[in-house]
Number of protein chains: 2
Amino acid sequence: MFRGVSFHTIDQKGRVIIPARFRGLIKDGGGDGIMLATMDKCLFGYTYDYWNIIEQNVLSISNKDERYRRLRRVFIGGAFDCSCDKQYRILIPPSLRDYAELEKEIVLVGVLKSFEVWSREKWDMENDKMKDDLIDEDVLKEISKLGL
Amino acid sequence: MFRGVSFHTIDQKGRVIIPARFRGLIKDGGGDGIMLATMDKCLFGYTYDYWNIIEQNVLSISNKDERYRRLRRVFIGGAFDCSCDKQYRILIPPSLRDYAELEKEIVLVGVLKSFEVWSREKWDMENDKMKDDLIDEDVLKEISKLGL
DNA sequence: TATAAAAAGTGGATTAAAGTGGTTTGCTTT
DNA sequence: AAAGCAAACCACTTTAATCCACTTTTTATA
């Protein structure tokens, strides 16, 4: 499972290193590369195997409703296959760089089945929001269920 | 169960010794290492076995709501697998050192299912707060239930 | 209780791996 | 043919894993 945060840089070419602790998971997940998709103003990284499951799920969504068709084309349309180079970096396509506003400082965050790529600014904001969430009854309830 | 408090140091590389009385518990809990997570401005150490339970609970949280996705990414993002070296020390990742403000003097505290890592300053403050809590009605009620 | 032996705890040196930035080469596209 | 881009290559810096030496504390035993 993907866990932990790392702080890195994205270079002018749009290359981002995959942290060492993620590499085995990626390889075991179907190859030397990942699928990148957009969500929550950051990028979600999936192993090939897990992505296949997601695609199957997307296929099973009804296409009757225009909203579901829109969801499908935005989510799948925004997904890219990114393979690793010899230094274990992925090249992030310009459209995804723009979406997540990746410029210089970036953050990689493991979230179990997948990991996320954030700009440093947005990640800091996300942490601030989390602090605010800690006075939210619903959130506190979920935390208490974790058994910490 | 983890119990008792020990005062130690963290060296320049970020290494921290595991007290002898914790070692058997850790080994019995699934291996020669622990999972470290962030909470309450200190670090929580879990055995692998217990961490697996927590992780299952995290996976069962709904991901519909943005607040719950945030909870997951901040909590799992703050979790690291720390294995012991031959001297039974763990290396604490820089992001966790920063979070808990570990610099030189640190405190390890057993709290039954897990143990905690504090900076000495924060630990002392925590004890002061405990003194204040002893005039709190709710806290006194819980204490009376303990059967001391 | 004195002493030896073992275990716990600390610090530093060495080596291997991770991470970063840049250059070159060879495609593709217009 | 030239421009743009990505893949591959290379050089370098930083960081983490491993190993070793030593001090302190605990335990065992005479």
Side-chain angles (χ1 to χ4, degrees), chain A residues 2-28 31-36 43 45 79-98 102-110 115 117-120 123, chain B residues 2-28 31-36 43 45 79-99 102-110 115 117-120:
Chain A
F2 295 98
R3 303 179 195 96
V5 278
S6 320
F7 299 87
H8 294 285
T9 55
I10 182 169
D11 66 20
Q12 297 97 321
K13 294 183 189 173
R15 293 178 300 184
V16 169
I17 192 110
I18 299 295
R21 70 183 180 284
F22 289 176
R23 295 178 189 174
L25 297 165
I26 287 171
K27 203 171 270 182
D28 293 344
D32 269 339
I34 55 160
M35 290 301 302
L36 268 186
L43 307 180
F80 288 84
D81 182 344
C82 300
S83 62
C84 296
D85 70 13
K86 225 195 273 181
Q87 277 80 254
Y88 251 97
R89 290 175 292 196
I90 52 169
L91 181 71
I92 301 191
S95 61
L96 296 190
R97 257 176 272 166
D98 291 347
L102 307 180
E103 289 176 15
K104 183 82 187 155
E105 294 185 48
I106 62 150
V107 185
L108 292 160
V109 192
F115 66 91
V117 187
W118 291 81
S119 74
R120 180 64 197 257
W123 175 247
Chain B
F2 295 100
R3 295 181 200 93
V5 53
S6 319
F7 298 87
H8 293 284
T9 56
I10 181 169
D11 67 19
Q12 298 99 318
K13 293 183 187 173
R15 293 178 298 187
V16 169
I17 192 112
I18 299 295
R21 70 182 181 287
F22 289 175
R23 295 179 189 175
L25 296 166
I26 287 171
K27 203 171 270 181
D28 293 345
D32 269 339
I34 55 160
M35 289 300 305
L36 267 187
L43 307 180
F80 286 83
D81 182 343
C82 301
S83 62
C84 296
D85 70 13
K86 228 193 272 180
Q87 277 79 251
Y88 250 97
R89 292 176 291 194
I90 52 168
L91 180 71
I92 301 193
S95 61
L96 296 190
R97 258 175 271 164
D98 291 347
Y99 175 86
L102 307 180
E103 289 176 14
K104 184 80 187 157
E105 293 185 48
I106 63 153
V107 184
L108 291 162
V109 194
F115 65 91
V117 186
W118 292 83
S119 74
R120 180 64 197 259

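The shown structure was predicted, so the numbers you read here are calculated from the model rather than taken from an experiment. The chains referred to below are lettered A, B, ... by the order of the sequence lines, with proteins before strands, and numbering in each begins at 1.
Residues B:F80 and A:R3 form no side-chain contact, since every pair of their non-hydrogen atoms from C-beta on lies 4.5 Å or further apart. Between B:C84 and B:I18, some side-chain heavy-atom pair lies under the 4.5 Å cut-off. Within the 4.5 Å cutoff, the side chain of B:H8 has heavy atoms near those of the B:P19 side chain. Counting heavy atoms from C-beta outward, B:K104 and B:D11 have side chains that stay 4.5 Å or more apart.
Atom CZ of B:R97 and atom C1' of D:dA16 are 10 Å apart (whole Å). Between the C1' atom of D:dC5 and the CD1 atom of A:I90 lies a distance of 17 Å, rounded to the nearest Å. The CG atom of B:L91 sits 10 Å away from the C1' atom of D:dT15 (whole-angstrom rounding).
By the 30° and 60° cut-offs, the orientation of the rings of A:F2 relative to A:F115 is tilted.
If you find the closest nucleotide of DNA chain D to A:D85 and to A:P93, the one lying nearer the 5' end belongs to A:P93.
Partner of B:L43 under the side chain to side chain contact (heavy atoms under 4.5 Å, CB included) criterion, chosen from B:L102, B:I106, B:V16: B:L102.
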Sugar-phosphate means primed atoms, P, OP1 and OP2; the rest is base. With that split, encode nucleotides 19-30 of chain C 5' to 3' as B, S or - using protein heavy atoms under 4.0 Å.
SBBBB-------
